[in-house]
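Single-structure report; data block below.
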Amino acid sequence: MKMSKIATFFYLFLLASIANAQSGVFDITKYGGHADADITQALTSAWKEACALTTPSKVVVPAGTYKLNVISFQGPCKGQIDFQLDGTVQAPADPAQVKTDGSWITFEHVDHLTILGKGVFDGQGATAWKQNNCGKNPDCKKTAMNLGFNFLTNSIIRDVTSKDSKNFHVNVLGGNNVTFDHFTVSAPETSLNTDGIHIGRSTGINVINTNIATGDDCISLGDGNKNITVTGVTCGPGHGISVGSLGRYNNEEPVEGIIVKNCTIKNTSNGVRIKTWPHYPVTGSATDMHFEDIIMDNVGNPVLIDQEYCPWNQCNRALSSKIKISKVSFKNIRGTSSTKQAVKLACSKGIPCEGVELADIDLTFSGGPATSACTNVKPIITGKQNPPACTAAPAPTS
């Protein structure tokens with residue numbers, strides 16, 4: 001008896017599913033996915049089956065260019081799971097077609113996830129950047145981030161690239177023991193609000209051997225972070241590597257245990273900085289933060305504590321920040337500054353910084369002698385200090 005075409009299709013689909021389950025490899029082409037077409041449904045089906053497997057599994061997007069709409073990869077999964085991206089997946093270029101103000105692609109509540117491959121998550125953000133007025137309009141319409149990693153544990157993201165996100169490239173929320181290794185972020189300097197990797201309320205996050213070029217902070221660390229390590233990162237263009245901004249929203253959680261080491265920052269508007277808002281009645285703390293062995297190449301404000309952070313004059317700088325900053329070190333930071341003021345420690349008048357250390361600073365400015373300014377802080381000063389520490393009046397930075 002001959003089967004109908006529909007019956008034949010489902011029979012072959014069933015055979016493919018059985019074969020995939022036996023091998024542990026779930027290739028989207030076996031679910032109807034193919035290049036130059038929308039693979040949202042194929043990926044959803046492949047993930048669902050892989051996630052249900054009790055033995056290690058792998059979802060594969062092979063080489064090629066694919067269209068992909070908003071998608072969420074939900075856990076918990078029953079076993080260890082890999083997501084191998086060897087092709088390029090593209091978001092809709094029109095922001096109106098991306099029906100979310102969260103992330104275009106979300107991985108959530110997954111343990112032992114590995115995202116790997118030589119592929120690209122392409123947010124196609126150029127149109128969104130032109131429409132973005134969030135710097136001046138607090139009620140602006142939010143656009144989608146490329147990647148949301150929510151409540152991941154014991155996971156690795158390596159070798160893949162996030163390109164041209166409409167908003168933040170990566171948002172890590174509630175993560176525990178997550179590592180970015182040889183990850184790449186690529187977007188032009190003119191792309192607004194495109195933080196490379198933003199981390200919030202997470203513990204044990206490592207960013208290592210990673211290249212970030214974007215239009216905002218290369219790495220930004222929000223409230224509630226503990227034991228974050230950033231090493232071997234090349235940052236630029238962008239706005240540097242930042243703790244904060246902090247102190248704007250109610251119920252912010254403390255920041256503790258930040259290490260930024262062996263990084264190169266080039267052609268950015270800031271280097272390593274801690275930024276908190278004045279004006280707002282939000283209390284909090286940021287402590288045990290260490291920036292060491294950093295090379296600056298044509299960087300504005302290479303070393304910066306800014307407790308008067310107030311972009312677009314959205315607040316009153318006369319009202320002191322209520323975030324307590326303590327136990328901070330800047331050690332062995334060298335290179336060139338694009339601003340005359342190479343070191344600025346502008347702490348809160350109401351709650352001065354404590355336990356700040358400047359050690360072996362060597363920063364030059366092509367337009368003449370660089371300067372160093374300190375307010376509401378008495379840093380411990382050791383080793384070489386070029387420019388001489390805390391000898392100039394502070395210049396505005398935001």
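Position 1 is the first residue of the sequence, and the numbers go up from there.
Shown here are the side-chain hydrogen bond (donor to acceptor under 3.5 Å, both in side chains) partners of W277, two or more places apart in sequence or in another chain: S245. F291 pairs by the ring-ring contact (aromatic ring centres under 6.0 Å, His included) definition with F330, not counting sequence neighbours.
Shown here is Q385, whose CD atom has more than 12 heavy atoms of other residues, nucleotides or ligands within 6.0 Å.
The closest side-chain heavy-atom distance from V185 to N211 is not below 4.5 Å. H182 has its side chain within reach of D159: a pair of non-hydrogen atoms, C-beta onward, lies under 4.5 Å apart.
Between H198 and F168, the angle of the ring planes lies from 30° to 60°, which puts this pair in the tilted group.
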Take I265 and I295 through the test side-chain contact (heavy atoms from CB on, under 4.5 Å) and record every step on the way to the result. CA-CA 6 Å; I265 303 176; I295 296 174; over 6 Å; no
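Disulfide status for C77 with C51: present, SG atoms under 2.5 Å apart. If you check the gamma sulfurs of C347 and C374, they are not less than 2.5 Å from each other.
In summary, of the residues considered (R334, K384, K331), a salt bridge (Lys or Arg N to Asp or Glu O under 4.0 Å) with D362 occurs for K384 alone.
The OG atom of S155 sits 9.5 Å away from atom CD of Q80, with the distance rounded to the nearest 0.5 Å.
The distance between the ring centers of Y249 and Y280 does not fall below 6.0 angstrom.
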